[in-house]
Amino acid sequence: MFGIADCNNFYVSCERVFNPSLENKPVVVLSNNDGCIVARSNEVKALGIAMGIPVFKVRNLIKEHDIAVYSSNYALYADMSRRVMSVLEQFIPSMEIYSIDEAFLDLRGFSPERIGDLIANTRKTVMQWTGIPLSIGVAPTKTLAKIANRVAKKNADYKGVCLLNSDAMREHLLKHTAVEGIWGIGPRLSRFLKARGIYTAWQLTCTNDFWIKKNLTVTGLRTVYELRGIPAIPLEYNIPDKQQICTSRSFGQPVEKLNELRESIATYAARSAQKLRQQKSLANTVLIYIRTNPFKENVYQNFRVISLPVPTSCTEEITEYALYGLESIFKAGYAYKKAGVILSGIIPDTGVQQNLFDTVPRDKSRQRMNVMDLINQKNGNDTVYFASQGIRKSWKMKRDMISPAYTTNWDEVLTVRV
DNA sequence: TCTGGGGTCCTAGGACCC
DNA sequence: TCTGGGGTCCTAGGACCC
């Protein structure tokens, strides 16, 4: 059996842990730059406010219902996630961290009679030790566990835990699951299936394999197998290295000057290079892009791909090529809204193919990067950084309603008065 | 006024090899 | 008049996830 533990309204729950006055009140958390609604409390869901909607479109509802609004506080959410995962791991050591608020659990070593108690106990302990409520679904495959999880979350009778452990139950739940509720079936495939009379997960499992393979490719076929109770998507125990590393942000305000764009590209290049070094890899290719606001007139967007002469993870080198790329696509007279840096062609940093004509003193730059990373690790990110990244950063993203970093910054630790 | 960020996998088609 | 068979690698584009 596989389990999936999924935190309820995760970002909202994190805010509530340190601000209990938000309990039972409508709360939303916004995306970066305070753009869209990305987390909603149950009260907000009940009002019919959709996931991902731009916040300016629901300003009236927010006012009318006195909804508490927060900018996203990733320092807090990442740390709370780490805590939740470490508690889960104490109960079920073999697991796959699937996203910031979800983990698949390997329950194959546990006797079937014990699983119910184990899961209920795990859930209770996570709540007690971290303050984060979660739901757990258990089933013979990951895809079915996801369905069980939804049931556990939506139906209060289940008390946050749903065990899908019989064929009768599988049939019952699949008949009550719409195709768009299946993990792996997105909006486009849902429309496609419904147009052909397939509305429920159960109907999908009764469909011919050849037809599925032809129309939904092998990924669709894997999903159908999983719905039938045959595991086709294994647990990933160790996190594979990223094949692509991307850092991109929208700007707090439109940016017109090349200088400010240079600061942002240098910042994103440095962040990407840092991520690259964290996984002990090198990149072969740098892509940079800039774009204006696509919802407005006078649109311009462009990108530039640069092949590096020798694979590297050195910030100076990556930044230099990224800025060179920027110069080549920058056009004056536009109000830029977003920029990004993407590293690809990623390989391990051991056994690099040398270039006969390489003139860069690589040992020295590697040592320099090591020292920088150590300082920043010990004293906090951006304790030291390159001047090209800018100091004032007039373009930096908007986070007007951010809560304190309660658990990661000594200056922002909660004060309790007796 | 205001519209997120970061990923993966699969397929088709083109270029190339012998 | 007639024009093979069997591969690999790479990329763009489209789908999906949270």
Side-chain angles (χ1 to χ4, degrees), chain A residues 4-11 28-40 50-60 62 69-74 77-78 81 96-104 142-143 146 149-150 179-193 212-223 232-234 236 239-254 264 268 271-272 275-276 279 284-285 287 289 291-296 299 303 305 307 335 337-346 397-401:
Chain A
I4 175 120
D6 189 329
C7 301
N8 301 349
N9 318 327
F10 182 56
Y11 298 170
V28 295
V29 176
L30 305 182
S31 63
N32 272 340
N33 223 27
D34 293 343
C36 299
I37 291 177
V38 294
R40 305 159 295 158
M51 173 71 174
I53 195 168
V55 65
F56 74 87
K57 288 190 176 171
V58 288
R59 282 276 179 231
N60 290 339
I62 289 173
V69 180
Y70 284 89
S71 303
S72 29
N73 182 348
Y74 283 102
Y77 310 150
S81 171
E96 170 194 347
I97 297 175
Y98 178 63
S99 73
I100 194 164
D101 72 330
E102 281 174 81
F104 284 104
K142 285 169 119 180
T143 307
K146 277 278 205 179
N149 185 279
R150 272 167 62 100
V179 283
E180 66 266 31
I182 303 168
W183 184 51
I185 306 291
R188 208 206 68 96
L189 290 179
S190 297
R191 239 180 302 129
F192 176 85
L193 291 170
I212 298 285
K213 170 89 195 295
K214 184 164 159 254
N215 293 288
L216 276 64
T217 78
V218 297
T219 42
L221 189 59
R222 278 202 274 265
T223 296
I233 305 172
E236 300 267 0
I239 312 143
D241 283 347
K242 303 250 180 288
Q243 300 169 34
Q244 180 179 302
I245 289 172
C246 171
T247 307
S248 70
R249 295 281 183 284
S250 298
F251 303 134
Q253 299 153 24
S264 73
Y268 306 155
R271 177 80 188 108
S272 293
K275 292 182 195 170
L276 190 62
Q279 70 165 38
N284 269 297
T285 307
L287 180 151
Y289 72 89
R291 71 164 162 85
T292 60
N293 188 335
F295 299 97
K296 287 192 167 177
V299 169
F303 68 93
V305 183
S307 293
K337 188 62 182 157
K338 187 175 180 181
V341 173
I342 303 171
L343 304 179
S344 57
I346 290 176
M397 70 181 178
K398 228 163 48 177
R399 307 154 106 194
D400 290 340
M401 296 146 292

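Values reported hereafter were calculated over all heavy atoms of this structure, with side chains retained and with hydrogens, waters and symmetry mates removed. Each chain gets a letter, A, B and so on, in the order its sequence line appears, and its residues count up from 1.
Within the nucleic acid shown, Pro294(A) has no heavy atom closer than 4.0 Å to any nucleic acid atom. At the heavy-atom level, Lys338(A) lies under 4.0 Å from the strands shown only through sugar-phosphate atoms. Within the 4.0 angstrom heavy-atom criterion, only backbone atoms of the sugar-phosphate kind lie near Asn32(A); the bases stay farther away. No engagement by Val55(A) is indicated, since no non-hydrogen atom pair under 4.0 Å with the nucleic acid exists. Among the heavy atoms of the strands lying under 4.0 Å from Ile182(A) are primed sugar atoms or P, OP1, OP2 only; no base atom is included. Contact annotation for Ile245(A): backbone-only contact, meaning every heavy-atom pair under 4.0 Å involves sugar-phosphate atoms and none involves a base. Contact annotation for Ser72(A): no contact, since no heavy-atom pair falls under 4.0 Å across all strands.
For the pair Phe56(A) and dT1(B), the ring geometry does not qualify as stacking, because the centroid separation below 5.5 Å and plane angle under 30° are not jointly satisfied.
Summary of the strand contacts: Asn293(A) and Ser248(A) both lie near DNA chain B, and taking for each the nucleotide with the nearest heavy atom, the more 5' one is attributed to Asn293(A).
Applying the 4.0 Å criterion to OP1 and OP2 of dC9(B), one finds that Arg222(A) has every side-chain N and O outside that range.
Taking only side-chain atoms of Thr217(A), from C-beta outward, the nucleotide of dG6(B), dT11(B), dG4(B) with the closest atom is dT11(B). Checking dG5(B), dC10(B), dT3(B) against the side-chain heavy atoms of Thr219(A) singles out dC10(B) as nearest. Set against dG6(B), dC17(C), dC16(C), the side chain of Leu189(A) has dC16(C) as its closest nucleotide. Closest approach to the Tyr98(A) side chain among dC17(C), dC9(B), dG5(B) is made by dC17(C) (side chain taken as heavy atoms from C-beta onward). Comparing dG6(B), dC2(B), dC18(C) by their nearest atom to the side chain of Lys275(A) picks out dG6(B).
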